[in-house]
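Structure first, then comments.
Atom set for the values below is all heavy atoms of this structure, side chains included, hydrogens, waters and symmetry mates excluded. One-based numbering along the sequence shown.
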Amino acid sequence: QLQLVESGGGLVQPGGSLRLSCAASGFTLTYYVIGWFRQAPGKEREGISCINRNSGSTNYADSVKNRFTISRDNAKNTVYLQMNSLKPEDTGVYYCAVRWGSCSNRWSAFDSWGQGTQVTVSS
């Protein structure tokens, strides 16, 4: 019943920006935790940001803090990840995931996720 669809990925130059979207269906997003994860080739999946249910409080990995911003639009039932000052090491497949409870940076804590969207940062 919980479905997420990521979009907004693409190719961008270092220093550029992208905004990823995570559209939810089958549930009201504000009542659930949404996390963003990314996976680069040959690397472990990394939790990069999370927004808590109801309160909307947010968490960020040190690697993206002050560059990325997570937000939600309750009317559109969508969570966004605004990515600024992008670096080549930000390259990877980005996933959003949903769970009940509170924010976690562990993939295994989440119940469902989207198909992912590719982000490539290259000059």
Side-chain angles (χ1 to χ4, degrees):
Q1 299 291 337
L2 307 180
Q3 294 186 334
L4 300 170
V5 178
E6 303 95 335
S7 63
L11 192 153
V12 65
Q13 292 183 310
S17 298
L18 286 172
R19 188 179 74 164
L20 306 184
S21 298
C22 175
S25 62
F27 66 100
T28 300
L29 187 149
T30 189
Y31 300 147
Y32 292 84
V33 173
I34 301 294
W36 281 99
F37 294 79
R38 68 185 180 190
Q39 188 163 28
K43 295 184 178 180
E44 64 185 4
R45 189 171 293 148
E46 177 188 18
I48 57 172
S49 190
C50 190
I51 185 165
N52 274 300
R53 60 190 177 98
N54 297 324
S55 72
S57 62
T58 57
N59 294 327
Y60 299 94
D62 288 343
S63 59
V64 305
K65 193 172 185 178
N66 300 317
R67 298 190 297 119
F68 292 9
T69 303
I70 189 170
S71 63
R72 68 183 178 208
D73 185 331
N74 293 333
K76 295 182 178 180
N77 214 32
T78 298
V79 167
Y80 302 98
L81 185 68
Q82 178 67 47
M83 306 187 297
N84 298 326
S85 301
L86 283 162
K87 305 174 181 179
E89 52 263 43
D90 294 319
T91 294
V93 179
Y94 284 68
Y95 302 88
C96 61
V98 59
R99 72 176 305 229
W100 183 258
S102 59
C103 274
S104 173
N105 62 0
R106 294 181 172 86
W107 179 258
S108 61
F110 288 79
D111 300 313
S112 188
W113 55 90
Q115 83 289 346
T117 185
Q118 176 71 44
V119 172
T120 303
V121 184
S122 176
S123 61

Practice item. Report the C-alpha distance between Val119 and Leu20 in whole Å, list the side-chain angles of each, state the deciding distance to 0.1 Å, and finish with yes or no for side-chain contact (heavy atoms from CB on, under 4.5 Å). Key: CA-CA 9 Å; Val119 172; Leu20 306 184; 4.0 Å; yes
Exercise for review: Take Trp107 and Phe37 through the ring-ring contact (aromatic ring centres under 6.0 Å, His included) test and state the conclusion after the steps.
Suggested key: CA-CA 8 Å; Trp107 179 258; Phe37 294 79; 5.1 Å; yes
Practice item. Quick one: do Val12 and Thr120 satisfy side-chain contact (heavy atoms from CB on, under 4.5 Å)? Show the steps, please. Key: CA-CA 6 Å; Val12 65; Thr120 303; over 6 Å; no
Practice item. Start with the C-alpha distance between Gln3 and Ser112, add both sets of side-chain angles, then the distance that settles side-chain hydrogen bond (donor to acceptor under 3.5 Å, both in side chains), and finish with yes or no. Key: CA-CA 7 Å; Gln3 294 186 334; Ser112 188; over 6 Å; no
Point to revise | From CA spacing to verdict: side-chain contact (heavy atoms from CB on, under 4.5 Å), Cys103, Arg53 | key: CA-CA 9 Å; Cys103 274; Arg53 60 190 177 98; over 6 Å; no
Exercise for review: For Asp90 and Phe68, run side-chain contact (heavy atoms from CB on, under 4.5 Å): C-alpha distance rounded to whole Å, both residues' side-chain angles, the deciding distance at 0.1 Å, then the answer.
Suggested key: CA-CA 11 Å; Asp90 294 319; Phe68 292 9; 3.9 Å; yes
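Here CE of Met83 is found 12.0 Å from CD1 of Ile70. Values are rounded to the nearest 0.5 Å. For the atom pair CG (Asn74) and OH (Tyr31), the distance works out to 9.0 Å, reported to the nearest 0.5 Å. Going from atom CD of Glu6 over to atom SG of Cys22 covers 5.5 Å, rounded to the nearest 0.5 Å. Rounding to the nearest 0.5 Å places CG of Asn66 at 9.5 Å from OH of Tyr60. The CD atom of Gln118 sits 7.5 Å away from atom OG1 of Thr91, with the distance rounded to the nearest 0.5 Å. Here Ser63 contributes atom OG and Glu89 contributes atom CD; the two are 9.0 Å apart, rounded to the nearest 0.5 Å.
In this structure, Gln39 and Glu46 have side chains that are not in contact, with every pair of non-hydrogen atoms separated by 4.5 Å or more. Side chains of Leu4 and Val98 form a contact here, defined as non-hydrogen atoms less than 4.5 Å apart.
Distance alone, capped at 3.5 Å, is enough to place a donor-acceptor pair between the Thr117 side chain and the Gly9 backbone. Between the side chain of Ser49 and the backbone N or O of Asn59 there is at least one donor-acceptor pair closer than 3.5 Å.
With hydrogens and angles left out, the side-chain atoms of Asp73 and Thr78 include no donor and acceptor closer than 3.5 Å. Between the side chains of Thr28 and Thr30, no donor-acceptor pair of N or O atoms lies under 3.5 Å. Using modelled atom types and a 3.5 Å distance limit, the side chains of Gln82 and Ser71 yield no donor-acceptor pair. Checking Tyr94 against Arg38 by side-chain atom types alone, a donor-acceptor pair falls below 3.5 Å. Using modelled atom types, one finds a donor on one side chain and an acceptor on the other under 3.5 Å when comparing Ser57 with Asn52.
Hydrophobic clustering of Ile, Leu, Val, Met, Phe, Trp and Tyr side chains at less than 4.5 Å, counting indirect connections, keeps Leu2 apart from Val33. Note on Val5 and Leu81: separate hydrophobic clusters, where clusters join Ile, Leu, Val, Met, Phe, Trp and Tyr whose side-chain heavy atoms are under 4.5 Å apart, directly or indirectly. Taken together through direct or relayed side-chain contacts under 4.5 Å among Ile, Leu, Val, Met, Phe, Trp and Tyr, Val79 and Phe110 form parts of separate hydrophobic clusters. Tyr95 and Ile48 are members of different hydrophobic clusters when ILVMFWY side chains are connected at heavy-atom separations under 4.5 Å. Tyr80 and Val64 fall into different hydrophobic clusters, where Ile, Leu, Val, Met, Phe, Trp and Tyr side chains are chained together by heavy-atom contacts under 4.5 Å.
Smallest separation of non-hydrogen atoms from Ser123 and Pro14: N-CD, 3.6 Å. Across all their heavy atoms, Gly47 and Ala61 have their closest contact at O-CB, 3.5 Å. Closest approach of Asn77 to Leu29, counting heavy atoms only: OD1-N, 2.8 Å. Nearest heavy-atom pair across Ser21 and Trp36 is O-CH2, 3.8 Å.
Cation-pi geometry between Arg99 and Tyr32 is not met at under 6.0 angstrom from the ring centre and within 45 degrees of the axis.
Enclosure of atom CG in Asp62 is not indicated, since only 12 or fewer non-hydrogen atoms of other residues, nucleotides or ligands lie within 6.0 angstrom.
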